[in-house]
Participant: 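Supplied in structure tokens, the structure appears directly below.
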Amino acid sequence: MAFRAAVRRALRVAPFLVVLLVLAACARDYPQSTLHPRSDFTRMIDGVFMNTVWWALAVFILVEGALVWTIFRFRGRPDDPEPRQVHGNTTIEIIWTAIPALILAMISVPTVRAIFKTYDEPNGAQVVRVNVTGHQWWWEFNYPQYGVTSANELHVPVGKTIFLEMNSFDVIHSFWMPQLGAKRDVFPNRKTTLWFRADSTGFYPGQCAEFCGTQHGRMAFHVDVQSPEEFDAYIKGLQATGAIATADTVAGSKLFAAKGCVGCHSLNAVKFSKGLLGPNLANVGARHYIAAGTLLNTDENLAHWIQHPSSVKHGVLMPELGLSAADAQTLAAYLRTHTGK
Ligand code: CUA
């Protein structure tokens, strides 16, 4: 009786569990999903994944099917005689060794081939090279071919191979673009690489994927995959910031110098001294996010971030400068004019 009650109770809960399971897969979009590849690199990895899934599914159906069939076909009956006792069967043992070995080969050969392919170092005039540097807690993107540097938003042209040469300024980070270029650790004093060719324009999220301190979770970035024309305009805009007037006399510019912002940040994407601690801000006014993907780039958020950085990201290197709200707003308005356009 107790067993029946338990079954009845389980049946009553079952529909809720099913609904929960279905809802768990519900989302309007899948920004961090690796199951929606948008580059040749991630399509290759998706191919390896799906190959493994189909083989695993085939194994599951065949093995479980054979098991269920055997249970019913050879089930015992009360008046059955003692079954014939056997020990070992060389033919069957060879078969059940050979088949899994063959299946493993069907999975491992394409997998190993793909792993080697991910370490390719594409070359040629068409390849867009980007030096990626991980910092606690933001990303620097330097384009050696164009002589410009930016931060936290990686702009790339669609349909062209991008070659990333990466290292870290401080601790180990991991550069992860789920839809475009998978994931690769980033080390101090050691170069790692990644390549991809995006096949659809769009704005894709990325994230540091190696615990790197308290704000590891707020070390995001975005990849803006643009048409070649848009990308050219983007680069030209950044290059134009190289001619920016440094002796600007507007209030924001004075504050930027007087409060020491200039010690860590450059508003010039071209003349960039490697020792700078903070992100290059040459086009910060036009970025979608600030504080490495943490805040939407609104005037209010920008002023708040400048005035109270620690309240947004505890442990951030940017100090609390004791700015008044008015000063923070003036600085935000000044930075807003730096769009790199
Ligand atoms: Cu950088 Cu986690």
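We count ligands from 1, going down the list as the structure has it; atoms in each ligand are counted the same way.
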Participant: Go through the structure and list residues passing side chain to side chain contact (heavy atoms under 4.5 Å, CB included) with E165, not counting sequence neighbours.
Facilitator: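 Partners of E165 under the side chain to side chain contact (heavy atoms under 4.5 Å, CB included) test: R129, N131, F163, K191, T193.
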Participant: Could you tell me how the ring of F203 sits relative to the ring of H222: parallel (under 30°), tilted (30 to 60°) or perpendicular (over 60°)?
Facilitator: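 Rings of F203 and H222: parallel, under 30°.
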Participant: Of all residues at least two apart in sequence or in a different chain, which pass the side-chain hydrogen bond (donor to acceptor under 3.5 Å, both in side chains) check with K236?
Facilitator: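 Applying side-chain hydrogen bond (donor to acceptor under 3.5 Å, both in side chains) to K236 gives none.
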Participant: Any side-chain to backbone donor/acceptor pair from D120 onto P122? Under 3.5 Å, distance only.
Facilitator: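 No; zero donor-acceptor contacts below 3.5 Å.
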Participant: Count, excluding waters, the protein N, O or S atoms that are closer to atom 1 (Cu) of ligand 1 than 2.8 Å.
Facilitator: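 Total protein N/O/S atoms under 2.8 Å from atom 1 (Cu) of ligand 1: 4.
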Participant: For a quick test of your reading: what N or O donor-acceptor pairs under 3.5 Å do the side chains of residues 76-83 make, sequence neighbours left out?
Facilitator:
| from | atom 1 | to | atom 2 | distance (Å) |
| --- | --- | --- | --- | --- |
| D80 | OD2 | R77 | N | 2.8 |

Participant: Test your reading of the model: is there a side-chain donor-acceptor pair from D299 to the backbone of Q329, 3.5 Å cut-off?
Facilitator: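 No.
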